[in-house]
Every structure is written in C-alpha cells, then in structure tokens.
Amino acid sequence: MALLIYNTLTKKKEPFTPVAPGKVGIYLCGPTVYKPSHLGHAVGPIIFDAVKRYLTFRGYDVNWVVNITDVDDKLITEAAAQNTTVFELAERVTKDYVDSMAKLDVVGIDMMPKVSEHIGDIVDIIQSLIDKGVAYPANGDVYFDVTRHDGYGKLSNRDVADQEGQRDLQSTQKRNPGDFALWKAAKDSEPDIVKFDAPWGKGRPGWHIECSAMAMRYLGDTFDIHGGGMDLIFPHHENEIAQSEAASGKPFANVWMHNGLTRFNTKKISKSDPEMQAILAKMTLNVLLEEVPGELLRFLILSTHYRSPIEYSETALDAKRKALDTFHRLFERVERITGSSPYEDVPPIVAEPLVASSESAAVATAPSPAKDGLKGVSAETTDRFITAMDDDFNTGAAIAALFECATAINRFIESKKLESGTAPAELKVELLGAAHCVVGLGRLTGVFLAPPKKQGEEDDGLADTIMQVLLKVRQHVRGNKDFATADMIRDLLQEQAITLEDRADGTLWRKN
RNA sequence: GGCGGCGUGCCCGAGUGGACUAAGGGAGCGGAUUGCAAAUCCGCGAUUCGUGGGUUCGAAUCCCACCGCCGCCUCCA
C-alpha cells in the first residue's frame with residue numbers, strides 16, 4: 001500500500017517516493033510579517049502539521065521548514081505607517097504568528113528561517129543566474145528573463161506571451177512583460193536597514209527569490225514537498241521553480257501540494273480586499289483564538305479535504321464544536337467507567353510501516369486481532385483511518401472512521417451496562433483500549449491532544465464550587481420530588497448557557 | 001481573453017468507472033432511556049449526485065455542450 005499525494009505539477013495523484021529513503025523534506029511558504037495572520041494563514045500550517053505527524057507515524061524522518069519573510073515592500077510601508085522600524089514590526093508580527101501556531105498545536109515546524117538572515121544566499125543565486133544569462137541587471141534592479149528558461153509556466157500551465165493584466169512594460173526596466181524582479185534597487189526614501197549590499201548595487205530581494213534560497217539551503221537543490229495556498233501557484237511558485245531550476249540545473253521540489261483557500265461569505269479572505277478589511281479584524285488568528293479553542297479550528301479545517309475551499313462561518317463552527325465534543329464526552333465517559341484517562345498512556349498505533357527500514361523490520365507484522373467486540377472495531381477503524389490518510393491525506397474520511405468508532409464504543413457501554421454497578425475488569429480494559437485507539441489515531445492529525453479546558457479553571461474553580469452547591473440543593477429537592485424547583489434551577493441555568501446532565505452517578509454541568 | 005477549480009439530501013461534507021438504493025457530521029422527525037430534560041443508543045430521511053446529450057454490459061465517477069459559483073493571470077496562505 002503506497003501513500004498517494006496529489007501533485008499540482010502533474011495534476012494527478014502519485015505514489016510518494018522521497019528523494020532520500022526514509023527522509024522527507026517539506027517547505028511551506030510562511031507569512032510575510034507585516035500584519036497579523038488571519039484564519040486562512042492557519043490552513044497550511046495545520047494541514048502540514050498533520051501531514052508531518054502522519055508521515056512520522058508512517059516511518060519517515062520529516063524535516064519541515066516554514067520561512068518568515070521579514071524584508072518586503074509591505075513591511076516598509078507598514079512600518080512607516082506605524083512609525084516603527086521594519087524589524088521591530090517583523091519581530092512583533094512573527095511573535096504573534098508563533099503564538100497562534102502554538103495555540104493551534106502546530107508543533108512540527110523544524111525551522112523558521114528569516115529572509116533578512118539569508119541575503120548572502122540570495123545574492124549568490126542571483127549572481128549565478130546572471131552568469132548563466134537567464135537574469136539581467138537593469139539600473140540596480142535584477143530581473144529574471146522568463147524567455148530564457150525552458151519550462152516556464154509548467155506549474156500553472158500558462159503561456160506567458162498570452163496573458164492579460166500584465167504589468168506595463170514601459171514603466172519598468174523589463175525586457176519581457178512576464179519577467180520578475182530578483183533584486184530591487186534601494187530607493188532613497190527607504191530605511192537603511194533594508195538596503196543590502198550586492199554586486200549590482202544596494203537593494204533588497206524580490207518577492208520569490210527568498211523561498212528558493214532558503215528551501216535549497218535547508219532541504220537541498222531537490223527536495224520532496226513544497227506547499228502553499230492555491231493562490232501562490234502563480235506567480236510565486238512558478239517563479240520559484242524557474243529561478244531555482246535555472247540556478248541549480250536540477251529539479252526543485254518533486255511534489256507541489258496546494259491547499260484550498262478559506263472563504264467568508266463565499267469570498268476568499270484576502271488582506272488586500274477592502275470589503276474584507278472589517279471582517280478581517282475578527283478573523284485575525286489571535287483574536288479568533290481568544291474565543292475558539294485551537295483544536296476546534298484544527299478540527300474544522302481537517303474535516304474538509306485540504307484541496308477544497310473552506311467556508312468559514314459561525315454556523316459551521318458551532319456544528320463542528322458539537323461534533324468534536326462527542327469525542328471528548330466519550331473520553332470522559334470512559335474515564336468515569338474505567339478510572340483511567342484515555343488521554344494518558346496512549347499506546348502507539350500499530351500498523352504496517354511504509355518505510356521498510358531495518359530497525360522497524362521487527363515490528364513490520366501487522367496484528368491480526370480477533371474481529372470480535374471492540375478489538376475488532378479498533379482494528380477496522382485503524383485500517384480505515386490509514387487507508388483514508390494514505391489517499392492524499394483524506395482527513396475528512398479519516399475522521400469519519402473515528403466517529404463510527406466512537407458510536408461503537410458508546411453502544412458497547414450501553415449494551416454491557418457498564419455505567420450501572422461495577423464493570424468487569426476485562427471489559428474495562430477492552431473499553432479503554434478502544435478509546436486509546438481513537439485518541440491515538442486522532443493525534444496523528446493533531447486532535448485529542450488533551451482534555452478540553454475544564455469549566456471554571458480560570459477562576460480557581462470558584463464557578464465549579466458554586467455549581468456544586470447549587471447542584472446539591474437541586475439534588476435535595478429532587479429527592480423530595482419537588483421537580484418544579486429542580487426544573488426551575490435547570491431552566492435558569494440553561495438561560496445562562498449552562499446545561500445540566502443528570503446521570504445515575506451524579507449531575508454534570510457544562511457551559512455551552 | 002487565457003489558465004484552473006467547484007456544483008452530492010435542509011445545511012456541511014466524503015466518495016471520481018461495478019461492494020453507491022452514495023461515508024461521516026449538524027439540524028429535523030419517530031423510538032429506547034429519563035420524573036421531565038440532557039447525554040447516549042436505535043430507526044427514518046438523496047432511487048439520486050447542477051442541466052442536457054454521449055461512451056460503456058455498467059457512471060456521481062469518463063467525454064461533449066450548457067447553466068451557476070469561485071480562484072489565478074497585480075500583492076495574497
């Protein structure tokens with residue numbers, strides 16, 4: 001069974017074969033740190049974090065690089081507008097980004113190189129492109145000549161000679177309308193800190209070259225997977241390919257993975273769209289993450305296939321919140337019955353590894369568990385989950401398998417009446433094992449990492465203390481069959497978005 | 001004008017030639033459970049996959065046309 005990945009370059013799903021056996025290099029285009037990121041910027045990192053978790057599980061040693069673009073026109077403009085320096089702004093926005101990533105449990109990024117620290121690499125590449133005759137300096141700028149490179153347009157499938165909306169040739173030093181800047185000459189009005197030395201004059205890198213430089217520096221001339229949003233296919237990734245392959249004479253990234261764009265009110269979320277500006281304030285990641293758990297955003301994003309667009313709305317979020325709660329409620333239920341937390345001591349998921357490395361050969365035999373009871377369900381769920389993920393990271397189908405497993409576990413609890421009286425030890429073991437399976441599989445995509453924050457945790461448990469008193473009073477009146485009072489308490493709490501759950505073993509409460 | 005994507009039940013969404021009378025979730029309805037709820041379980045719900053043709057023994061899945069939505073061609077994850 002092979003892992004299939006859809007490759008934008010070939011426009012089809014292909015069996016994945018890494019450059020070096022057992023190792024995977026991934027480059028994801030990261031943020032230009034001039035404004036706080038919005039929800040759309042979280043999609044790539046969340047998906048690739050899941051990809052890395054999954055590939056690691058499949059036996060690969062993954063090296064994942066996400067760049068930080070801290071030298072750019074927009075940074076210069078924004079820093080001036082905020083009356084600060086480019087690097088102060090960059091540092092602040094980078095921190096904001098890193099904080100958001102942490103809240104989203106994006107922990108797999110191995111390296112976040114900055115453009116400002118790779119000017120030397122960039123200059124070297126540009127020089128070699130000039131030496132090869134595919135780039136030319138013009139009044140301090142340096143341009144890439146798209147007519148001098150075979151294969152230009154192969155990613156985005158376009159003919160450069162036949163494009164509308166191209167920049168006016170007369171207003172620039174370009175030889176061809178499709179030529180793009182590798183280096184931009186410094187202007188007097190710009191701050192000195194973004195004026196870097198180069199053989200053809202002071203200036204700063206153009207937009208695309210930094211990714212080529214950092215990807216090749218950390219992953220090699222040819223590496224495995226390059227990712228980004230669909231809107232980057234042209235011109236950014238097309239240009240990256242051209243300049244990288246022209247410079248190295250080798251293929252650049254083997255597989256190009258592009259995620260769908262996030263939409264709001266059926267429109268793409270874009271920082272440059274005036275209509276989106278107001279909405280964007282609320283869609284800013286860090287603002288959103290104040291209200292919405294990172295796990296929920298991750299769950300929302302992973303519920304849809306990564307290449308499809310995601311329509312963001314409160315309604316969609318509420319539906320997902322409920323769906324996600326199903327799992328956490330189940331895990332709590334299992335813990336009440338077994339006395340053990342399904343979040344802890346999760347045994348590794350056993351599966352046939354994709355990578356036949358020598359050390360994993362010993363465990364290469366897939367188990368053949370008895371197909372009865374919950375063990376059979378776990379085995380089947382694992383199988384379905386892996387099949388889905390192996391097929392171009394079909395997280396939606398993988399999660400569907402987890403839902404069915406959750407239902408099977410609940411059914412098991414009901415049918416064996418595990419909540420009334422003391423459950424037999426062997427059934428507890430079986431139950432916990434199945435819950436561990438769901439947790440373990442979920443974690444391969446980065447969900448179910450921890451129990452949701454308990455109510456009242458922020459206020460030292462004061463809310464819970466008061467609730468316990470209130471519930472005790474209610475329990476008392478219920479004991480006296482004073483249901484009117486008991487229901488009044490429940491209804492009043494519901495008005496405050498607090499739901500009560502009367503169970504045989506006590507009453508639970510939760511804030512919706 | 002060029003390039004590309006999408007259109008599946010009330011909503012979201014997986015499936016891209018036969019196990020599809022179409023996964024899963026949300027909402028709804030009926031039942032079990034409950035003092036009533038909540039939670040959980042069971043059942044119901046698309047004979048059909050934007051529309052019209054075609055290919056095939058067989059299509060949601062391939063081809064053609066049309067309609068609608070979206071993205072890129074300028075900065076964008």
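These numbers were taken from a predicted model, which means no experiment stands behind them. The sequence lines fix the lettering, A, B, ..., with proteins before strands; numbering per chain opens at 1.
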Report yes if a side-chain nitrogen or oxygen of [X] is closer than 4.0 Å to either non-bridging phosphate oxygen (OP1 or OP2) of [N]; otherwise report no.
X: A/Arg411; N: B/rC42; result: yes
X: A/Asn157; N: B/rG4; result: yes
X: A/Lys268; N: B/rC72; result: yes
X: A/Arg329; N: B/rU40; result: yes

So, are [X] and [Y] salt-bridged, with charged N and O less than 4.0 Å apart?
X: A/Arg321; Y: A/Glu291; answer: no
X: A/Lys174; Y: A/Asp141; answer: no
X: A/Arg158; Y: A/Glu238; answer: no
X: A/Asp325; Y: A/Arg510; answer: no

Please give the distance between the [atom1] atoms of [N] and [M] as a whole number of Å.
N: B/rA65; M: B/rG28; atom1: C1'; answer: 39 Å
N: B/rG25; M: B/rC69; atom1: P; answer: 33 Å
N: B/rU8; M: B/rC75; atom1: P; answer: 34 Å
N: B/rC6; M: B/rC42; atom1: C1'; answer: 37 Å
N: B/rG9; M: B/rA23; atom1: P; answer: 13 Å
N: B/rA60; M: B/rA14; atom1: C1'; answer: 12 Å
N: B/rA22; M: B/rU47; atom1: C1'; answer: 11 Å
N: B/rC44; M: B/rU56; atom1: P; answer: 38 Å

Does [X] reach a base, just sugar-phosphate, or nothing at all? Heavy atoms under 4.0 Å.
X: A/Ser270; value: base
X: A/Asn410; value: sugar-phosphate
X: A/Ile413; value: nothing
X: A/Lys481; value: nothing
X: A/Gly44; value: nothing

Query - Chi angles and distances behind the salt bridge (charged side-chain N to carboxylate O under 4.0 Å, His left out) call for A/Lys103, A/Asp99 - result: CA-CA 6 Å; A/Lys103 285 183 195 158; A/Asp99 286 351; over 6 Å; no
Is the side chain of [X] donor-acceptor paired with the backbone N or O of [Y] at a distance under 3.5 Å, no angle test?
X: A/Asp392; Y: A/Asn394; value: no
X: A/Glu501; Y: A/Leu508; value: no
X: A/Ser415; Y: A/Phe412; value: yes

Where does the angle between the aromatic ring planes of [X] and [Y] fall among parallel (under 30°), tilted (30 to 60°) and perpendicular (over 60°)?
X: A/Trp256; Y: A/His258; result: parallel
X: A/Phe144; Y: A/His149; result: perpendicular
X: A/Phe385; Y: A/Tyr54; result: tilted
X: A/Phe403; Y: A/Phe299; result: perpendicular
X: A/Phe327; Y: A/Phe448; result: tilted

d([atom1], [X]; [atom2], [N]) in whole Å:
X: A/Lys12; N: B/rU61; atom1: NZ; atom2: P; result: 22 Å
X: A/Tyr312; N: B/rG13; atom1: OH; atom2: P; result: 15 Å
X: A/Leu261; N: B/rC69; atom1: CG; atom2: C1'; result: 15 Å
X: A/His328; N: B/rA39; atom1: NE2; atom2: P; result: 17 Å
X: A/Phe327; N: B/rU40; atom1: CZ; atom2: P; result: 12 Å
X: A/Glu501; N: B/rU34; atom1: CD; atom2: C1'; result: 12 Å
X: A/Ile26; N: B/rA77; atom1: CD1; atom2: P; result: 19 Å
X: A/His41; N: B/rC75; atom1: NE2; atom2: P; result: 15 Å

**Report entry** Any residue of residues 297-311 of chain A with a heavy atom less than 4.0 Å from an atom of RNA chain B
**Finding:**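 Here the set is A/Thr304, A/His305, A/Ser308.
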**Report entry** Straight-line distance of A/Leu155 CG to A/Thr10 OG1, nearest 0.5 Å
**Finding:**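 Between A/Leu155 CG and A/Thr10 OG1, I get 10.0 Å after rounding to 0.5 Å.
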Below 3.5 Å between N/O atoms, which protein atoms pair up with nucleotides 20-22 of chain B? Just atom names and distances, please.
none

Query raised in the report: Of A/Asp105, A/Leu300, A/Thr445, A/Leu302, which meets side-chain contact (heavy atoms from CB on, under 4.5 Å) against A/Ile46?
Result: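 Of the listed options, the one satisfying the test is A/Leu302.
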Query raised in the report: Considering heavy-atom distances to RNA chain B, does A/Lys13 or A/Asp231 have its closest nucleotide positioned more toward the 5' end?
Result: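 Looking at RNA chain B, the more 5' nearest nucleotide goes with A/Lys13.
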Query raised in the report: Considering heavy-atom distances to RNA chain B, does A/Gly229 or A/Arg263 have its closest nucleotide positioned more toward the 5' end?
Result: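 Checking each residue's closest nucleotide, the 5'-ward one belongs to A/Arg263.
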Whether the side chain of [X] and the base of [N] hold a donor-acceptor pair under 3.5 Å is what I'd like checked.
X: A/Arg158; N: B/rG4; result: no
X: A/Asn394; N: B/rG15; result: no
X: A/Arg490; N: B/rA37; result: yes

**Report entry** Residues forming a side-chain contact (heavy atoms from CB on, under 4.5 Å) with A/Asp502, sequence neighbours excluded
**Finding:**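 Expected list: A/Arg474, A/Arg478, A/Arg490, A/Thr507.
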**Report entry** Nucleotide nearest A/Arg503 when distance is taken to its side chain, options B/rC72, B/rA39, B/rG35
**Finding:**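 Given the options B/rC72, B/rA39, B/rG35, the side chain of A/Arg503 is closest to B/rA39.
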Requested in this report: For RNA chain B, produce a single dot-bracket line, 5' to 3'. Pairs: Watson-Crick or G-U wobble, both distances under 3.5 Å. Symbols: ( ) within strand, [ ] crossing, | other strand, . unpaired.
Outcome: ((((((((.[[[..)..(.....]]].(((((.......))))).....[[[[[..)....]]]]])))))))....
Query raised in the report: Listed by chain and number, what are the salt bridge (charged side-chain N to carboxylate O under 4.0 Å, His left out) partners of A/Glu335, not counting sequence neighbours?
Result: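 Checked A/Glu335 against salt bridge (charged side-chain N to carboxylate O under 4.0 Å, His left out); zero matches.
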Please tabulate the protein-to-nucleotide N/O contacts below 3.5 Å involving nucleotides 24-28 of chain B, giving atom names and distances.
residue : atom : partner  : partner atom : Å
B/rA27  : OP1  : A/Lys322 : NZ           : 2.8

